[in-house]
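Protein chains get the first letters and strands the later ones, always in sequence-line order, with residue 1 at the start of each.
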Amino acid sequence: MLRYLLSKLLTFLPTFFGVTLISFSFIRVLPGDPIIVMAGERGLSDERYQELLKQFGFDRPLMEQYFDYLSGVLQGDLGQSFVTKRPVWDEFFALFPATLELSLCAMIFALLLGLPAGIIAAVNRGKLFDRVLMSSALIGYSMPIFWWALLLIILMSGWLGLTPVSGRISLLYFFDDPTGFMIWDALQSEESGALGSALHHLILPTIVLGTIPLAVIARQTRSAMLEVLSEDYIRTAKAKGLAPFRINGIHALRNAMIPVITVIGLSVGTLLAGAILTETIFSWPGIGKWMVDSIFRRDYPVVQGGLLLIAVMVIIVNLSVDVLYGLINPKIRKR
Amino acid sequence: MNTVAQAAERPGRFQEFWYYFQENRGAVFGLWIFGLFVVVALLADWIAPYDPTVQYREHLLQPPFWQAGGSLAFPLGTDAVGRDMLSRILYGARYSFYVGIVVVMVSAAGGIVVGLLSGFAPKWLDTILMRVMDIILAFPSLLLALVLVAILGPSLTNAMIAIAIVLQPHYVRLTRSSVLAECSKDYVTAAKVTGAKLPRLMFITVLPNCLSPIIVQAALSFSTAILDAAALGFLGMGAQPPTPEWGTMLAEAREFILRAWWVVTFPGLAILITVLAINLMGDGLRDALDPKLRRS
């Protein structure tokens, strides 16, 4: 097991350095001089330009700049935002809880609906329910989620007036948010109704962000269950006269979960990409919206740092899924 | 002469493929819709009632014909500057088709060549290539495409380049794993023994036997390309107005969502139907081409 862990960690290192290299070169291949962009419309004198060039180290050889950047990254220094002048690292972790909260809710939504749907479809294979469900899953899988978000806004907020259109909580409530997780902070605050408002604001973004994972999980659960249901030990369980719930829910599901867990782990990338669109549409103050805004503002240090942090996060999650997979299934470790 | 007679006895590869493909009714349905989409894309100049960029200023935000205030002159209504929705959607098919074809060709061609190289290369080169692909895959695809477009400048061409780069690693991995599986088979050894050179081994001996999963992947990435291009257009980083690209149309329609449902509904519906048709078709292709994954 230790060898397996080490070999996995060894593949992490080159990927990590590659990712830093890409995010480092990003600012250097951009058209336009970052210093002139930073100066904005006011422009700047020649002396000031040279001064800034020195200050940021852009006048030194590229190799040297890269090693400086790398040692900064390893110490948690990702530079400062051009716009807010705050460290990128601080901004990222101030906004990250919002994205994490939304992603967790979306994942829970997808699991709560997707797992039972997949199981029921597999057990009733070929029947009407299975067909309707798998057709809906395919539609969900093909859905342009930015359009889905707009449709839900028209229907739920516009016509029915049920849900708010943007933000994380109603402006009526104001309290400290020490953790950044709105549900938790609202619960801790003394204000009544704050929790309800926070949950209310989560409904539409959760549905939108959870739609594709939901479709993927339902499809994956169904096919994994179908495979397991034809195994001998299921026949044995049936022969023993166990109740269908016990057979499907315990004997079959436990073994069908392995591929499903992988899918859940791998959909972190999908969630982050979806967060870019979902957060932009619902003005959700998370890292997806932050990245899009920074790209438009040409706030290069933020784009560079955000890109790196997001990629590192995806790599770490994928690595953990690999390790977890090895833990669940010893056969994988041996390879 | 003898070989010809033998070949005739065996059903053609295409017939065999079609036999399995048409068993999946959804796939055939998807194929029909996709065919319709291609026809619309090719013939948009003749089918569309109006020029997609001409503004009819006396018909701003006119609803579809079945609603009060609508007329058959603009069957799906008009947008905020009085352009015909139907014509814009028909022309939009052309852009989506173009995006799909170009992205699939570029990413598949690049991915197949790198994948073949990786499969045949010495171990150190293989390791380097695969690590590079891992690095690209570490970035969420839409985010990487967005940043690439920010570097290259927002336009449909740059969006296509960005999406092709982002999709390429999937082809590389797929091709490499098929190549590795094929290389251990006897016919490859036989070809090596008869003195086939490396390019011949790669492109003529091995590649044709690796094509099935690649074709399935091509179908799936066609729909991904359309979705991603529309998402980039929606974020303002793809095709620029007044291009009648579906995602860009949705971006322009955003401020009118509560006043004019049709400017939001139809472009998105067009994206959904096209992507759905291609995914249905992809499922059928997988069933027909890949016996291992065939639904039992």
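Remark: A/F96 engages A/F92 in a ring pair (Phe, Tyr, Trp, His ring centres under 6.0 Å) (not counting sequence neighbours).
Within 6.0 Å of the CZ atom in B/F29, the count of heavy atoms belonging to other residues, nucleotides or ligands does not exceed 12. Residue-environment remark: OH (B/Y95) stays at or below the threshold of 12 foreign heavy atoms within 6.0 Å. Around atom OH of A/Y66, more than 12 heavy atoms belonging to other residues, nucleotides or ligands sit under 6.0 Å away. Heavy atoms of other residues, nucleotides or ligands lying less than 6.0 angstrom from CH2 of B/W66 number more than 12.
Between atom CE of residue A/M134 and atom CG of residue B/D283 there is a gap of 11.5 Å, rounded to the nearest 0.5 Å. From A/Y141, atom OH reaches atom CG of B/L227 across 9.5 Å, with rounding to the nearest 0.5 Å. Note that CD1 of A/I310 is 11.0 Å distant from CG of B/L144, once rounded to the nearest 0.5 Å. Separating the CZ atom in A/F146 from the CD1 atom in B/I271 is a distance of 4.5 Å, to the nearest 0.5 Å. Interatomic distance, B/R254 CZ to A/T280 OG1, rounded to the nearest 0.5 Å: 7.5 Å. Note that CD1 of B/I136 and OG1 of A/T15 are 12.0 Å apart. Values are rounded to the nearest 0.5 Å.
Residues B/T265 and A/L150 fail the side-chain proximity criterion, which asks for heavy atoms closer than 4.5 Å. At a threshold of 4.5 Å between non-hydrogen side-chain atoms, the residues A/I295 and B/M237 count as touching. The shortest distance between side-chain heavy atoms of B/F139 and A/I22 falls below 4.5 Å.
Taking both residues in full, the closest heavy atoms of A/G18 and B/I135 are given as CA-CD1, 3.3 Å, listed atom of the first, atom of the second, then distance. Between B/L272 and A/W147, the shortest heavy-atom contact is CD2-CZ3, 3.8 Å. Scanning both residues, B/L258 and A/G158, for their nearest heavy atoms gives CD2-CA, 3.6 Å. Taking all atoms of both residues into account, the shortest heavy-atom contact from A/P144 to B/G268 is CG-O, 4.2 Å.
No hydrogens or angles considered: a donor-acceptor pair under 3.5 Å links the side chains of A/S142 and B/N279.
When heavy atoms are compared at a cutoff of 4.5 Å, B/L269 approaches chain A by way of both its backbone and its side chain. Both the backbone and the side chain of A/M143 come within less than 4.5 Å of a heavy atom of chain B. For a residue to count as touching a neighbouring chain, one of its non-hydrogen atoms must lie under 4.5 Å from one of that chain's; by this rule B/L276 touches chain A with backbone and side chain alike. Neither the backbone nor the side chain of A/L226 has a heavy atom closer than 4.5 Å to any heavy atom of chain B. Proximity to chain B (any heavy atom under 4.5 Å) is shown, for A/W148, by neither the backbone nor the side chain.
Comparing A/L272, A/I315, A/V19 by heavy-atom pairs within less than 4.5 Å of chain B, the highest count is held by A/V19. Chosen from B/S141, B/A231, B/S223, the residue pairing most often with chain A at heavy-atom distances under 4.5 Å is B/A231. Taking chain A as the reference chain and counting heavy-atom pairs below 4.5 Å, the highest number among B/D134, B/T127, B/I257 is found for B/I257. For the options A/I281, A/I153, A/V292, heavy-atom pairs under 4.5 Å to chain B are most numerous at A/I281. Here A/L307 is the residue among A/L307, A/V303, A/I276, A/T270 with the most heavy-atom pairs under 4.5 Å with chain B.
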